[in-house]
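Computation of the quantities below employed the complete heavy-atom set of this structure, encompassing side-chain atoms and omitting hydrogens, waters and symmetry-equivalent molecules. Order of the sequence lines sets the chain letters (A, B, ...), proteins ahead of strands, with each chain counted from 1. Values in this document were obtained by computation on a predicted structure and should not be read as measured data.
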Amino acid sequence: MKTMPILIFLLLMVFSSQQVMAELAVIVNPNNKLNSIERNVLQDIYLGRMRGFADGSMAIPIDQAKLRSEFYEKLTNRPIEQINAFWARIMFSGEASPPKIMPDDADVISIVKANPGAIGYVSKNSATDEVKILLILK
Amino acid sequence: MSSFFHISRLLILMCASSFYKSAFGPIKIIIPLALVFLFTMTLAYASNDTSILSVKGFGTLAGTGTDTNAIGFRRDITAETGATKSWRIPTDSRLGLQLDAQFNEQLSASVQWVLKEKQGDFFEQNLDMAFLRWSPSPEWTLRFGRVPSDIFMLADHRNISYAYPWMRPPQEFYGFNPVYHYDGIDITKKFRLSEGLLSLKVSGGYSFTQAGPIDNGAGFFSSNVIYEFGNWKSRLSYSQGHTSKFSFPNGDELINAISSPQLNAIWPNIQSFAPQLSMVGTTIHYSALGIAYDDGLWLGQAEAAYINSGNHPLLPNLANGYISIGRRVAKLTVYTLLGISKSFGDHYDIPQPLFPDPRLLAAQQEINNAINNGGIDEKSVSLGLRWDFYTNMAFKVQWSHYWLGQNGTQSWLEDPTQSPPDEVNVFSTGIDFVF
């Protein structure tokens, strides 16, 4: 009988880790000439180091409230509190401003659709034909 | 909109304050001009779209105490009071507010004002940023106005404790330096190099600082090279400051008096010390090397610097450095920090007056204090803990043990009636936050 709670706990763990393992699509405007993006270039854009695509054009990163922690964990292998501390340095030393935070997938897609330089992330299932997927983060 | 107008009024107050203080040099006028420009543009844009504006902030609420009343501990020499056995809140506490305006993809502006314990002009000295930032392409950035000083690795974010693991930047390395900002320009160029990112930055301008009783104005130039690769970041920098203004209460009277032939008739050779009581004309060279590693679990950082003033007695040549290693366990970070700082000043024998007049002897003592007590000689070991207990908040506790050498306590708040202790324990705990 003692194994029952452990089993339930393990099942819960598997269930919750599946939640975290959802795939994220990194999306850009369909007019963006790129078809893929290197992970280190994406890190530079989202960590305020250099806001440019590999072809030299300006990138405007967009965050979203619902997937922010998950996105940065997948991108950098670091928990969100480390990312927040990192960004505190960047923004309060006046080096760069943090990405604008949108509430959900639909808002991110509408901004990326409207801005040629915008780059964002959404759940893979939400990505529509109106945007171009550059990278899938697992 | 009401918060916007509140901020506008604050900006006007800051401009007015800066205008009244603009007597110390023409470059100083850049600040109010930049502010007015910023304010005008902000207002113009804001009338159409207030979403370009954002207000954010950071802060620390902390208590700091030591095990002695013979000397006061302070983060750096700009603080007017030191922590002793009586715990103090202002030593490590601060509250910063920042207003950012993003006009378009290329042009933005930032104003930051930090409420903290500070000597001198409360509004002007605590205004750490008021600049326009222009990024015509991803590789180039130019900032103009009041910009944060960037001569060492933590120099441009010393107040933002949330950004680093320790309670405060290592005091051996950062304590002697009063410069938080300057009025001028900086230009950054970035390159992708191999898998990493190389940044070159040059900056120049004028800094005016008030620390202790001393007002110091200096023109300076700074350059640094940063290479970031994976979990590593390295930094090499060279800066140079040339002091053009240096004053302390009754300083001119003192210098005039010891230069006068009448006084030298009864106090032979005292005039040779007149130039040593002012730093005007002194060039200070700062060379520094830094390296940082952070893989998410382990973190390490070290910096070393050499400050060459031509061995001016008021800021003798100084070598300093620190090394820190930390390990994260879930939301906890445990760290240790070792710091060392040593100056290489010469000792000067102040001549005796021919007559033991009490006023002359008192003046002799003062000159001796100024010229022979500017040394820094300290070492420390620290242990600390950071706990990221809530989103955008961190709890910290730190214990530091300092060893202080003879004539080595310039970064501390000395009590002229007591000789400084050889060893001091400093305890501190607090909460950092950003919003």
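- Looking at B/Arg133 and A/Ser97, their side chains do bring a donor and an acceptor atom within 3.5 Å of each other.
- Around atom CZ of B/Phe191, more than 12 heavy atoms belonging to other residues, nucleotides or ligands sit under 6.0 Å away.
- Contact annotation for A/Ser57: only backbone heavy atoms (N, CA, C, O) come within less than 4.5 Å of a heavy atom of chain B.
- With respect to the salt-bridge test (charged N to carboxylate O, under 4.0 angstrom), the residues A/Arg89 and B/Asp156 do not qualify.
- Between the OG atom in B/Ser135 and the CE atom in A/Met58 there is a gap of 5.5 Å [rounded to 0.5 Å].
- For B/Glu105, the parts lying under 4.5 angstrom from a heavy atom of chain A are both the backbone and the side chain.
- The only option from A/Arg78, A/Glu81, A/Gln82 that meets the side-chain contact (heavy atoms from CB on, under 4.5 Å) definition with B/Arg328 turns out to be A/Gln82.
- A search for ring pair (Phe, Tyr, Trp, His ring centres under 6.0 Å) contacts involving A/Phe71 returns A/Tyr46, A/Tyr121, not counting sequence neighbours.
- Taking CE of A/Met50 as the reference point, atom CD of B/Glu139 lies at 5.0 Å (rounded to 0.5 Å).
- Annotation: side chain of A/Phe92 is in contact with side chain of B/Val434 (closest heavy-atom distance under 4.5 Å).
- Of residues 105-120 of chain A, not one residue has a non-hydrogen atom less than 4.5 Å from any non-hydrogen atom of chain B.
- Within 6.0 Å of the CD1 atom in B/Ile325, the count of heavy atoms belonging to other residues, nucleotides or ligands does not exceed 12.
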